[in-house]
S.K.: 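One structure follows; several queries about it will come next.
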Amino acid sequence: MSHQTVIVLDFGGQYNQLIARRVREQGVYCEVKPCTTPLAELKARNPIGIIFTGGPGSVYDPAAPQADPELFRLGVPILGICYGCQLLAHNLGGRVAPAQSDTAREYGKTATHFDPDCKLFHGLPAESVTWMSHGDYMETVPDGFRLTARSAACPNVAIADEARGFYGVQFHPEVNHTEHGAAMLRNFLYEICGAAGDWTMEDYKERAVRRLREKIGDGRVLLALSGGVDSSVAAALLAEAVGPQLTCVFVDHGLMRLNEGDEVEAAFSQWDIRFIRVNTEERFLSKLSGVTEPEGKRKIIGEEFIRVFEAEAKQIGRVDYLAQGTIYPDVIESGAGDAAVIKSHHNVGGLPDYVDFKEIVEPLRMLFKDEVRQLGRELGLPEYLVSRQPFPGPGLAIRCIGEVTKEKLDMLRRADFIFRDEIAKAGLAGTMDQYFAVLTNLRSVGVMGDGRTYDYALALRSVTTSDFMTADWTRIPYEVLDRVSVRVVNEVPHINRVLYDITSKPPATIEYE
């Protein structure tokens, strides 16, 4: 039995992945498809509902992406969001036009009035705040539709043809700024599409293990294990499925956080797999000696990772399948039909010619990051691995500004641990999405023990974000920052100043290099 499926049809909106995540959070499986996907392919998925995303275009522009008119004759409920709403109106006899003034043009948080008799808004307050972002508006509503929401600037905020199951909203219910947005999506899924809520991670795990066993048979699988969440969960899933047929090569380049290499090795000691840890700190640091330019660091680290992986793979012998932790955002963002192959080569930095494999195995390719974490918990991985924050491939090398040395890395590791330790002790770990320390290349005068010092400044960085495309700096309580500062300058030699970065993204990025 397959899952009920909702199709998110992408018209170039910036929130396409977020819409899909919100649907899955409601226990309903969905996939994001380009708006150019052939109708036959969409019908083959037998969707219980279709969601049109937003987009940057204007539906009346001949060059703007359009929907296949046959979609409206499938007998499947459709929810149009922003551009998707205007697309519904444009295709079904209404008229969409550019707003001539502030009337009908809306951006940001907007007080909105709803018709509670509409199924989409059933059980919700008659007035709440929505997040708007549109310069066009529905000048004329199509026959068969009625207005179901309005704002002070726009009378046509939402429309519905409930007989056909067609709904359109000018706002974005998928973003957190829209109050009750999740409830609106739930109403669409359950009250309008008749969803059963059959998408659970426990069920996914069982199905995935069964599929992997059928696919791999008695074949042998090789996985390059980075220690990050994706590759760790992929390893655990494959271990559950094929056990001793799996070989994991963990390249410990000496650029990880405090005790991280040991934690990764300990986590996988419980699995019946061949786990190879290659300690290459000296090799990587010698290659990085004297290099200060960020892109130069990245290229050196990537190249050396390939070379180490090649050397280890040569000793393994026959390999039937190459596994990797590609996840669904990688697939969506690539957009191409052969995206998996392109990403596969990128993930391992170029596949060695001598590895004779039948196929690439990507057991996580249909999961979002939060779902990958859920799967890791289902598989019994320890929480410190499952909840690990995003960590750059080059590791601490790009959080150590300027030349990378063992002395500087050890300083950074210790300071970063203190920061994370104090955040955990304060009970704040779940309130921020990424936090870490950066050893700057700035040195300044300080006074310690009545003596003059000339040592490094450490920068602390913490952000809150829902998508990592934008991020706001975290308002950490002063007393917590004070404890971190006191501990760092007392416990970590050669750091005499602690700074806290209060720049959001944009204009800054989350990482420093």
Side-chain angles (χ1 to χ4, degrees), residues 1-6 8 15-32 174-176 181-183 185-186 189-190 195-213 223 225-242 246 248 260 263-264 266-268 270-271 273 323-333 347 361-391 424 429-435 464-468:
M1 175 183 173
S2 60
H3 296 291
Q4 287 182 326
T5 299
V6 167
V8 176
Y15 300 127
N16 57 1
Q17 292 186 36
L18 188 55
I19 295 170
R21 283 180 57 199
R22 295 291 182 252
V23 171
R24 291 194 185 181
E25 286 169 2
Q26 299 288 352
V28 180
Y29 180 72
C30 76
E31 294 180 12
V32 179
E174 70 276 19
V175 303
N176 290 331
L185 289 173
R186 184 173 182 83
L189 297 168
Y190 286 88
D198 60 1
W199 171 248
T200 67
M201 203 45 57
E202 180 182 7
D203 181 60
Y204 178 86
K205 183 193 81 169
E206 293 173 359
R207 291 170 185 265
V209 167
R210 188 162 57 246
R211 284 195 300 268
L212 286 168
R213 285 173 179 164
L223 171 70
L225 180 62
S226 69
V229 175
D230 300 337
S231 67
S232 295
V233 174
L237 185 60
L238 285 160
E240 182 87 3
V242 297
L246 171 66
C248 292
E260 210 159 35
E263 289 174 356
V264 171
F268 286 95
Q270 63 177 297
W271 303 96
I273 60 174
Q324 58 189 36
T326 304
I327 64 175
Y328 198 33
D330 301 330
V331 178
I332 295 172
E333 289 165 5
N347 277 357
V361 177
E362 298 172 312
L364 311 180
R365 74 186 314 269
M366 298 309 291
L367 299 183
F368 287 105
K369 191 74 162 190
D370 54 332
E371 294 172 323
V372 173
R373 296 187 197 277
Q374 287 178 254
L375 179 58
R377 294 183 181 100
E378 288 287 340
L379 290 162
L381 281 175
E383 189 61 29
Y384 64 76
L385 267 186
V386 173
S387 60
R388 180 164 287 162
Q389 299 171 42
F391 190 59
T431 67
M432 51 194 77
D433 297 293
Q434 191 169 355
Y435 52 98
T464 54
T465 175
S466 62
D467 54 17
F468 288 91

S.K.: Could you report the tightest heavy-atom contact between Phe368 and Gln17, atom names first, then the distance?
M.R.: CZ-O, 3.7 Å

S.K.: Can you name the closest pair of heavy atoms from Leu225 and Ala235 and give their distance?
M.R.: CD1-CB, 4.2 Å

S.K.: Roughly how far apart are Glu371 CD and Glu378 CD, rounded to 0.5 Å?
M.R.: 12.5 Å

S.K.: Roughly how far, to the nearest 0.5 Å, is OG of Ser232 from CG of Leu381?
M.R.: 6.5 Å

S.K.: Tell me if a side-chain donor or acceptor on Gln389 pairs with a main-chain N or O of Tyr435 at a distance below 3.5 Å.
M.R.: yes

S.K.: From Leu385 CG over to Glu260 CD, what is the distance, rounded to the nearest 0.5 angstrom?
M.R.: 8.5 Å

S.K.: Between CD of Glu174 and CG of Leu18, what distance do you get to the nearest 0.5 Å?
M.R.: 5.5 Å

S.K.: Check whether any side-chain heavy atom of Leu238 lies under 4.5 Å from a side-chain heavy atom of Trp271, and answer yes or no.
M.R.: no

S.K.: Taking the inter-plane angle between the rings of Tyr29 and Trp199 on a 0 to 90° scale, is it parallel (under 30°), tilted (30 to 60°) or perpendicular (over 60°)?
M.R.: tilted

S.K.: Quick check: closest heavy atoms across Leu223 and Leu246, and the distance to 0.1 Å?
M.R.: CB-CD1, 4.1 Å

S.K.: What closest approach, in Å, do Leu237 and Val209 show between heavy atoms, and which atom pair accounts for it?
M.R.: CD1-CG2, 3.8 Å

S.K.: Could you please spell out the steps behind the side-chain contact (heavy atoms from CB on, under 4.5 Å) verdict for Thr431 and Thr464?
M.R.: CA-CA 8 Å; Thr431 67; Thr464 54; over 6 Å; no

S.K.: Could you check if a side-chain atom of Gln434 sits within less than 4.5 angstrom of a side-chain atom of Thr465, using non-hydrogen atoms only?
M.R.: no

S.K.: Which heavy atom in Val361 sits nearest to a heavy atom in Leu212, and how many Å separate them?
M.R.: CG1-CD2, 3.6 Å

S.K.: Is there a side-chain contact between Lys369 and Asp230 in this structure, where contact means two heavy atoms from C-beta onward sitting under 4.5 Å apart?
M.R.: yes

S.K.: Once side chain to side chain contact (heavy atoms under 4.5 Å, CB included) is applied, do any residues pair with Gln4, and if so which ones, sequence neighbours excluded?
M.R.: Ile48, Ala195, Ala196, Asp198

S.K.: Just by distance, no angles: are the side chains of Glu202 and Thr200 close enough, under 3.5 Å, to form a donor-acceptor pair?
M.R.: no

S.K.: I need the Asp370 CG to Glu25 CD distance, nearest 0.5 Å.
M.R.: 6.0 Å

S.K.: Check Tyr190 against Gln26 and note the closest heavy-atom contact, atom names and distance.
M.R.: OH-O, 2.6 Å

S.K.: With no hydrogens and no angle check, is any side-chain donor or acceptor of Arg22 less than 3.5 Å from a backbone partner on Ala182?
M.R.: no

S.K.: For Met201 and Tyr204, what are the C-alpha separation, side-chain angles and deciding distance, and is it a side-chain contact (heavy atoms from CB on, under 4.5 Å)?
M.R.: CA-CA 5 Å; Met201 203 45 57; Tyr204 178 86; 3.9 Å; yes

S.K.: Do the side chain of Arg373 and the main chain of Arg388 share a donor and acceptor less than 3.5 angstrom apart?
M.R.: yes

